[in-house]
There are 2 protein chains.
Amino acid sequence: MLTRSEEDHLKAVYALLQDGDSALTKDIAQRLRTKASSVTDMLKKLAEKGLLKHEPYYGVKLTAKGRSHALQLVRRHRLWETFLVQHLGFGWDEVHELAEQLEHVANDKLTDRLDDHLGKPAFDPHGDPIPDRQGRIRERKTLRLSLCKAGQVLRIAAVSETTDGLLRLLDSKGLRIGSQLTVQEVHAFDGSMDIKPKNGAAFSVSKEVSHHLQVEPA
Amino acid sequence: MLTRSEEDHLKAVYALLQDGDSALTKDIAQRLRTKASSVTDMLKKLAEKGLLKHEPYYGVKLTAKGRSHALQLVRRHRLWETFLVQHLGFGWDEVHELAEQLEHVANDKLTDRLDDHLGKPAFDPHGDPIPDRQGRIRERKTLRLSLCKAGQVLRIAAVSETTDGLLRLLDSKGLRIGSQLTVQEVHAFDGSMDIKPKNGAAFSVSKEVSHHLQVEPA
DNA sequence: GTGATGGATTAGACACGTCTAAAGATCATC
DNA sequence: GATGATCTTTAGACGTGTCTAATCCATCAC
Ligand SMILES: [Mn+2]
Ligand SMILES: [Mn+2]
Ligand SMILES: [Mn+2]
Ligand SMILES: [Mn+2]
């Protein structure tokens with residue numbers, strides 16, 4: 001049985017290894033709003049429990065057991081987010097913190113029933129894939145909108161940062177998961193991008209925004 | 001902000017004051033599967049936070065603030081139990097421990113949305129009243145089946161102990177919230193009682209069982 | 001190679017929640 | 001009104017998770 005803090009550290013390691021190829025102590029600390037020394041302590045504990053390998057001063061790698069546990073956490077987190085949005089009518093910018101708590105109620109029957117109740121969804125409200133009972137993820141290859149070129153026709157697959165501010169900005173521009181858009185122009189000066197939604201007038205988004213939009217060819 | 005442990009202690013005090021007229025340190029400890037000395041520490045802390053009055057060696061009384069907080073906890077607990085039974089298909093004997101965890105996710109919007117989603121239920125799966133947003137409870141006067149006399153026609157209103165064993169026993173006999181029954185005979189020797197469900201053959205229940213069944217005139 | 005730099009770890013502290021053992025109260029009974 | 005049973009509280013300890021400050025280490029610039 002892991003404590004809430006252990007689980008949050010494990011999940012942070014998993015998330016950091018997902019994009020970057022390393023999970024640095026200071027990045028874990030930043031993500032959990034804690035200090036590097038606290039993280040070191042925790043990594044030692046998780047290593048003792050066989051959830052990860054910790055090579056001091058070098059880095060951290062998940063064991064199979066650790067990865068599996070992390071995937072279950074991610075599964076619970078994303079199922080709760082889906083429930084809160086689809087069944088309780090929350091906005092996609094309101095659910096992360098609640099899911100951050102609910103994910104720690106570890107009960108397989110509850111998780112599976114919730115999954116069934118939601119119709120075994122493959123993606124959460126932010127477009128992130130939901131691991132199934134076995135921890136399997138439907139992989140998709142998406143790319144950052146910021147790397148796309150003028151003329152491409154794309155669909156928004158996911159938002160890679162669930163900051164309230166970003167999500168509300170997207171809301172205000174009518175951009176959501178599944179929205180189709182065409183890239184009209186990319187401005188070299190500031191990296192901003194003019195895009196045209198399928199049904200609507202063109203407008204511009206900053207590089208900060210396009211960087212966090214994961215898209216796939218429409 | 002109260003910790004999980006503080007909340008559980010507060011709720012135990014509230015629950016004990018509900019039936020008996022006092023909340024003894026040892027009873028709180030027993031209910032929380034902890035020790036009397038730990039409870040004393042916690043009562044001191046809750047008293048400092050203004051949630052209850054603690055008169056050492058005498059007893060404990062909730063303040064308005066403490067009662068209000070306890071009622072919100074009870075509300076969340078019972079709403080989650082209702083959700084688990086009605087929407088996720090759990091048995092009424094399976095939900096208490098899960099609700100014991102879920103109740104600590106304190107977020108008014110979540111609680112109210114859940115309440116709406118369930119249709120603002122007045123009673124939980126065990127027949128216990130669910131406090132509303134303002135902490136108000138629809139009072140009913142019920143009596144223990146064990147105090148009833150032969151000939152009375154009654155409806156089961158609530159089960160006052162949510163032990164798995166009792167609930168499964170009731171399941172196996174077809175007794176549930178709302179069931180109608182007639183008392184046929186009460187045996188002085190062991191306090192057991194012969195009852196006849198509205199649709200079905202008569203059978204006997206022990207005093208241990210009838211003591212925990214709250215009934216009202218049918 | 002030698003420093004400088006910045007991230008990582010350790011040392012030492014503290015708050016919290018729990019425990020056991022010892023001491024203090026209350027109360028019923030004789 | 002003393003005694004004993006029972007309950008409650010205090011004293012002192014420990015594990016956990018966090019922090020700050022000090023130290024350690026890898027690496028990059030020169
Ligand atoms: Mn999230
Ligand atoms: Mn969390
Ligand atoms: Mn319950
Ligand atoms: Mn609880």
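Below, chain A is the first sequence line, B the second, and so on; all start at residue 1.
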- Measure up the A/H87 and A/H117 rings against each other and bin them: parallel (under 30°), tilted (30 to 60°), perpendicular (over 60°). tilted

- Task: Could you check how far CD1 of A/I28 sits from P of C/dG7, rounded to whole Å?
- Result: 14 Å

- Query: Just how far, in rounded Å, is P of D/dT16 from CG of A/D8?
  - Reply: 18 Å

- Query: Nearest-Å distance, CG (B/L2) to P (C/dC16)?
  - Reply: 13 Å

- Note on the structure: B/K49 atom NZ is separated from C/dA15 atom P, nearest whole Å, by 14 Å

- Item | Short side-chain N/O contact from B/T3 to OP1 or OP2 of C/dC16, under 4.0 Å | no

- Task: Give a yes or no on whether the backbone of B/G66 and the side-chain of B/T63 come within a donor-acceptor separation of less than 3.5 Å.
- Result: yes

- Query: Can we call the ring centroids of B/H96 and B/H77 under 6.0 Å apart?
  - Reply: yes

- Query: Between D/dC7 atom P and B/Q30 atom CD, what is the distance in whole Å?
  - Reply: 11 Å

- Query: Do B/F83 and A/F83 make the cut of ring centroids closer than 6.0 angstrom?
  - Reply: yes

- Roughly, in whole Å, what's the span from CG in A/L32 to P in D/dC19? 10 Å

- Query: What's the CZ-C1' distance between B/R33 and C/dC19, to the nearest Å?
  - Reply: 17 Å

- Query: Would one find more than 12 heavy atoms of other residues, nucleotides or ligands at under 6.0 Å from atom CZ of A/R133?
  - Reply: no

Output one line per pair: protein atom, nucleotide atom from nucleotides 8-10 of chain D, and distance, for all N/O pairs under 3.5 Å.
residue	atom	partner	partner atom	Å
D/dT8	OP1	B/T25	N	3.1
D/dT8	OP2	B/K26	N	2.8
D/dT9	OP1	B/H54	NE2	2.7
D/dT9	OP1	B/Y57	N	3.2
D/dT9	OP2	B/T25	OG1	3.1
D/dT9	OP2	B/T40	OG1	3.0
D/dT10	OP2	B/K44	NZ	2.9

- Query: Any Lys/Arg nitrogen of B/E100 or B/K11 sitting under 4.0 Å from an Asp/Glu carboxylate oxygen of the other?
  - Reply: yes

- Task: Round to a whole Å and report the spacing from CE of A/M42 to P of D/dT18.
- Result: 6 Å

